[in-house]
Amino acid sequence: MSIMVKNAKMFLILAVILLIACFVFVSVMSLEMDESVLNPTFTPVPTSSNIKPTPKPIVIEEGVTITASKAPGFYNSGFLLELFCSNEEYRILYTITSHEAFECDENTKVAKTGEDYVYSGGVMPDIDNLDQGSYFYEESIRIPDKSYSAKDPVRITIIRAIAVNEKNECVTDVYTFTYIIGERTLYGKYFVSICIDEESLYGYEEGIFIKGKTFDDERKRNPERSVNSHFPRNYLQKGIEWEREAHIQIFDIMGNLVVDQKVGLRINGGASRHFSVKSLKIYARKKYGKGKIEFEIFEGLEDNYGRPIKEFDKLIFRNSGNDFTGIMFKDVFLHRLAREMGLDWQEGTPCTVYINGKYYSLMNIRESMDGDYIESRYCIPSEFVDMVGITYESKGFIYTSSYGSETAVSKFEEDMSMLVNTDWSVHDISEMEEVIDVNNFIEYMAYQIYIRNTDWPHNNVLAWRYRGIPSKSFEGRNGKWRFLIKDMDYRNVFVDYFDNTLRDVLGNRMTKGPCLGEVLNSCLDNQEFRERFLSYLLGFCNRITPELVDALLFEMRNDWRTDIGIFWKYHGGDESEWLWRIEQLKTFARLRGDYIRKFVDEFIASLE
């Protein structure tokens, strides 16, 4: 009897357990059904336990590709997009980014340090995020029509897709398809779409658009430190550890996709890193796919031997620095003017940039002034190039190594100190030639003085030299310091024609290290150097003519006009103010020469 009771109790316990298991099963299935109703494209991962697996690594299978029914580019209206995998047994996992308007709303995510996720989206497909924006492709994807907002002339939709095998392993790299619904004629020479995971921009630790963890950590370490423009922030950090993977697509004026590749992306520049529109620098690296950006971005650009430059290791998308919301091409203009004077110069061309489908800014695509620039222009291998620049630290501007050997700074300061401390009234100019290219130094200093660059020479100095075996057969391979102009868009540069920049430069000093103003002041004690320098400076009075300046400005005004019209809608400004600023440059060209002659006369008189 006791055995029967025990069996009955055991039966009841098993029955209760079975009922509980059934209830849990039905509840789970109900939840899965609700998810499917709410999101028709949601498909549970097919595993025996129905628990989402951990993300699998990418196992690239050669020959497996993803294609789309329409090529990336401009279209007049929305459409249904189909995706295809070359191996039909594999599934396509994708994300979609498509903003209705530029403005943020109450649903916009906010970074931990308070910044809105303005350029949200760009998320990579991830099996582990099926309920957070990643979907298995089951049916055609709707590419929506353009926005009805007057501010937003186009609607951009970005699809990022990857193929997944039966083991939930990603078997292809990520494919990025960008569709712009609107007219290509609304934009100028280049239309640029950058797609980057939103966390790379706004993530607390890794986001390069925000103050982020770097800011908070410094506040904890030094709670009494005042917060100023030099207070550490994520977006002020430099180096490869602050480079983020992105995908860039560039469309030419005809709407052709001319650049389509993964790149590394960093914030670029100095003080303008604080702007809402930050300068960007992209790096082509083999680890991203292509080791070069292979396209003739700058039409007609040639090296020093007359050969076209058609590939780049890196490019800068510059926000125009101190000229932001101004003319938006002052620095490019002054570089092209320098080209006409025979100096080394940095080319630039306008473009409109969108990030994750949202308007970013009118920007200038620029060459990167580093060892790769020297290699492309002088055909000198970049590994033999030393470069010294200037950076600002808590105690002021100091020289730093910007490329090449870390010992370049000490060598540069040693050579410049020698020039400052030598009595050149009794030493021959040939001794100067041992450390600097005298012709280059004269041309460089004279040009900066003529254009009235007051953000220099205590700042924005860039010097380079060849570190290999000296050769007289090739230009630039003599081991002497040469100088490159840069960042000439400061406030009243090429505006205040009456300013005595010669006097100011000769009195300029730095917190640490010899200033180029001191170097010039010392070298002017040498009669031959003085005569050559003053003659070259006065020569600009006849060479930088109103006719030359008018011709350059006419060409650039036409090249930038289309893109800047859209820029004003987002960042302010209008055509009347823009044209007035351009007229200021023309006025400078007409009047500067007379003042330079006066300043030179005053300098000569001071020597008597």
Side-chain angles (χ1 to χ4, degrees), residues 39-46 52-75 78-99 119-144 155-181 192-200 244-251 257 259-263 265 287-290 354-358:
N39 187 353
T41 57
F42 176 86
T43 305
V45 179
K52 287 184 290 188
T54 55
K56 299 292 184 179
I58 293 180
V59 183
I60 301 296
E61 287 193 19
E62 188 174 351
V64 179
T65 59
I66 296 175
T67 55
S69 57
K70 287 186 180 291
F74 285 80
Y75 293 88
F79 53 86
L80 292 177
L81 180 75
E82 295 181 276
L83 298 179
F84 308 94
C85 181
S86 58
N87 187 329
E88 295 182 357
E89 295 182 0
Y90 295 159
R91 309 177 75 186
I92 297 174
L93 188 68
Y94 75 95
T95 62
I96 182 168
T97 300
S98 187
H99 298 287
Y119 304 99
S120 60
V123 179
M124 303 282 274
D126 187 351
I127 288 178
D128 201 39
N129 289 325
L130 281 172
D131 54 350
Q132 299 177 31
S134 292
Y135 308 107
F136 277 119
Y137 176 75
E138 301 288 350
E139 59 185 7
S140 299
I141 303 168
R142 187 175 69 86
I143 305 299
R155 174 79 178 267
I156 297 178
T157 298
I158 301 172
I159 306 295
R160 309 197 82 177
I162 199 164
V164 178
N165 65 15
E166 65 281 357
K167 297 178 182 179
N168 295 314
E169 295 171 328
C170 302
V171 294
T172 65
D173 205 343
V174 177
Y175 286 76
T176 301
F177 304 95
T178 300
Y179 300 99
I180 308 113
I181 308 303
V192 179
S193 173
I194 295 174
C195 186
I196 180 171
D197 192 299
E198 60 185 33
E199 293 303 315
S200 293
R244 303 291 176 258
E245 182 178 316
H247 195 104
I248 186 168
Q249 293 175 312
I250 302 178
F251 299 87
L257 182 58
V259 174
D260 183 13
Q261 64 188 84
K262 289 200 298 182
V263 293
L265 185 143
K287 73 174 185 177
Y288 298 128
K290 297 179 181 178
Y354 279 73
I355 296 180
N356 288 342
K358 273 193 177 184

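Since this is a predicted model, take the numbers as computed values, not measurements.
With sequence neighbours excluded, no residue satisfies ring-ring contact (aromatic ring centres under 6.0 Å, His included) with Tyr137. In this view, Arg244 satisfies the side-chain hydrogen bond (donor to acceptor under 3.5 Å, both in side chains) rule with no residue, not counting sequence neighbours. Contacts of Lys262 classified as side-chain hydrogen bond (donor to acceptor under 3.5 Å, both in side chains), with partners at least two apart in sequence or in another chain: Asp173, Glu245. Here Thr157 pairs with Ile96, Ser98, Ile143, Pro144, Ile159 under the side-chain contact (heavy atoms from CB on, under 4.5 Å) rule; sequence neighbours left out. Checked against side-chain contact (heavy atoms from CB on, under 4.5 Å), Val123 has the following partners two or more places apart in sequence or in another chain: Asp197, Glu198. In this structure Gln249 satisfies the side-chain hydrogen bond (donor to acceptor under 3.5 Å, both in side chains) test together with Thr178, Asp260, sequence neighbours excluded. For the side-chain hydrogen bond (donor to acceptor under 3.5 Å, both in side chains) test, no residue two or more places apart in sequence or in another chain qualifies with Ser200. Under the side-chain contact (heavy atoms from CB on, under 4.5 Å) criterion, Lys70 pairs with Tyr75, Phe79, Leu81, Tyr179, sequence neighbours left out. When the side-chain contact (heavy atoms from CB on, under 4.5 Å) test is applied to Thr67, the partners found at least two apart in sequence or on another chain are Phe84.
Val174 places a side-chain heavy atom less than 4.5 Å from the side chain of Pro125. Side-chain contact between Glu166 and Tyr90 is present, with heavy atoms from C-beta onward closer than 4.5 Å.
In plain terms, the two heavy atoms of Ile66 and Ala163 that are nearest each other are CD1-N, 3.4 Å. Across all their heavy atoms, Thr97 and Ser120 have their closest contact at CG2-O, 3.9 Å. Annotation for Val64 and Cys85: closest pair CG1-SG, 3.9 Å, computed over non-hydrogen atoms. Of all heavy-atom pairs between Ser193 and Ile158, the closest is OG-CD1, 4.2 Å. Minimum interatomic distance between Ile127 and Leu130 (heavy atoms only, all atoms of both residues): O-CG, 3.4 Å. Listed here is the closest heavy atom pair of Asn356 and Cys195: OD1-CA, 3.4 Å.
In this structure, CD on Glu199 lies 13.5 Å from CE on Met124, to the nearest 0.5 angstrom. The structure places OG1 of Thr172 at 13.5 Å from CD of Glu62, a figure rounded to the nearest 0.5 Å. Between Ile141 atom CD1 and Tyr94 atom OH the span is 4.0 Å, to the nearest 0.5 Å. Summarising the geometry, atom CD1 belonging to Ile92 is positioned 10.0 Å from atom CD belonging to Glu138; distances are rounded to the nearest 0.5 Å. To the nearest 0.5 angstrom, Ile194 atom CD1 is 5.5 Å from Leu265 atom CG.
Counting heavy atoms of neighbouring residues, nucleotides and ligands inside a 6.0 Å radius, atom CD of Glu89 does not exceed 12 of them.
At distances below 3.5 Å, not a single donor-acceptor pair connects side-chain atoms of Thr95 with backbone N or O atoms of Gly133.
Ring pair Phe251/Phe74 is perpendicular by interplanar angle, where above 60° counts as perpendicular and below 30° as parallel.
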